[in-house]
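Here the structure comes first, spelled out in structure tokens, and everything after it is commentary.
Residues: numbered from 1 along the sequence shown. These figures come from a predicted structure and were not determined experimentally.
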Amino acid sequence: MADTIKVTLVKSPIGAVPKHRRTVEALGLTKMHKTVELPNNAATKGMIAQVSYLLKVEEA
């Protein structure tokens with residue numbers, strides 16, 4: 001299991017629930033197709049699960 005995860009924003013959060021928009025911003029994703037590397041822990045996985053319909057996730 002990798003210790004980091006690559007997360008990419010592939011769908012715009014404009015029409016999403018406001019809480020989901022804040023979650024995407026908290027993950028560090030501010031623009032479409034931006035990729036960030038995040039730690040592979042329970043907190044990050046929970047955030048990703050909440051907004052999974054907006055993201056693409058890969059193991060780094």
Side-chain angles (χ1 to χ4, degrees):
M1 188 162 96
D3 57 340
T4 60
I5 298 175
K6 281 187 179 181
V7 182
T8 305
L9 184 63
V10 294
K11 187 173 184 284
S12 175
I14 289 174
V17 179
K19 184 176 181 181
H20 291 185
R21 274 188 257 159
R22 290 192 302 271
T23 302
V24 168
E25 191 176 330
L27 286 168
L29 299 167
T30 55
K31 295 183 179 183
M32 290 287 297
H33 306 291
K34 181 175 179 179
T35 302
V36 294
E37 287 196 17
L38 300 168
N40 188 5
N41 59 28
T44 304
K45 285 183 180 179
M47 293 170 78
I48 290 170
Q50 186 180 34
V51 292
S52 62
Y53 64 98
L54 300 172
L55 308 175
K56 181 177 84 172
V57 181
E58 305 168 342
E59 287 195 13

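Between Ala60 and Ala2, the shortest heavy-atom contact is O-CB, 3.5 Å. Here the closest non-hydrogen pair linking Thr35 and Lys6 is CG2-CB, 4.2 Å. Among all heavy-atom pairs drawn from Met47 and Ala26, the shortest one is CE-CB, 3.6 Å. The two residues Tyr53 and Lys11 make their nearest non-hydrogen contact at O-CD, 3.8 Å.
Taking the side chain as every heavy atom from C-beta outward, Lys45 and Asn40 approach each other to under 4.5 Å. Two residues are said to be in side-chain contact when any heavy atoms from C-beta on lie closer than 4.5 Å; Leu29 and Val36 meet this criterion.
Under the 3.5 Å distance criterion, the side-chain polar atoms of Thr8 are left unmatched by any main-chain donor or acceptor of Val10. Counting only distance, with no hydrogens or angles, the side chain of Thr44 and the backbone of Pro39 share a donor-acceptor pair below 3.5 Å.
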Stepwise side chain to side chain contact (heavy atoms under 4.5 Å, CB included) check, Leu38 with Leu27: CA-CA 8 Å; Leu38 300 168; Leu27 286 168; 3.6 Å; yes

Audit row: Gln50, His20, side chain to side chain contact (heavy atoms under 4.5 Å, CB included) steps and yes/no: CA-CA 7 Å; Gln50 186 180 34; His20 291 185; 3.7 Å; yes

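In this structure, the separation between CG on Leu55 and CG on Leu9 is 6.5 Å, given to the nearest 0.5 Å. Between atom OG of residue Ser12 and atom NZ of residue Lys31 there is a gap of 13.5 Å, rounded to the nearest 0.5 Å.
Using a 4.5 Å cut-off between side-chain heavy atoms of Ile, Leu, Val, Met, Phe, Trp and Tyr, with links allowed through other members, Val24 and Val17 fall into different hydrophobic clusters.
The number of heavy-atom neighbours closer than 6.0 Å to CD of Glu37, taken from other residues, nucleotides and ligands shown, is above 12.
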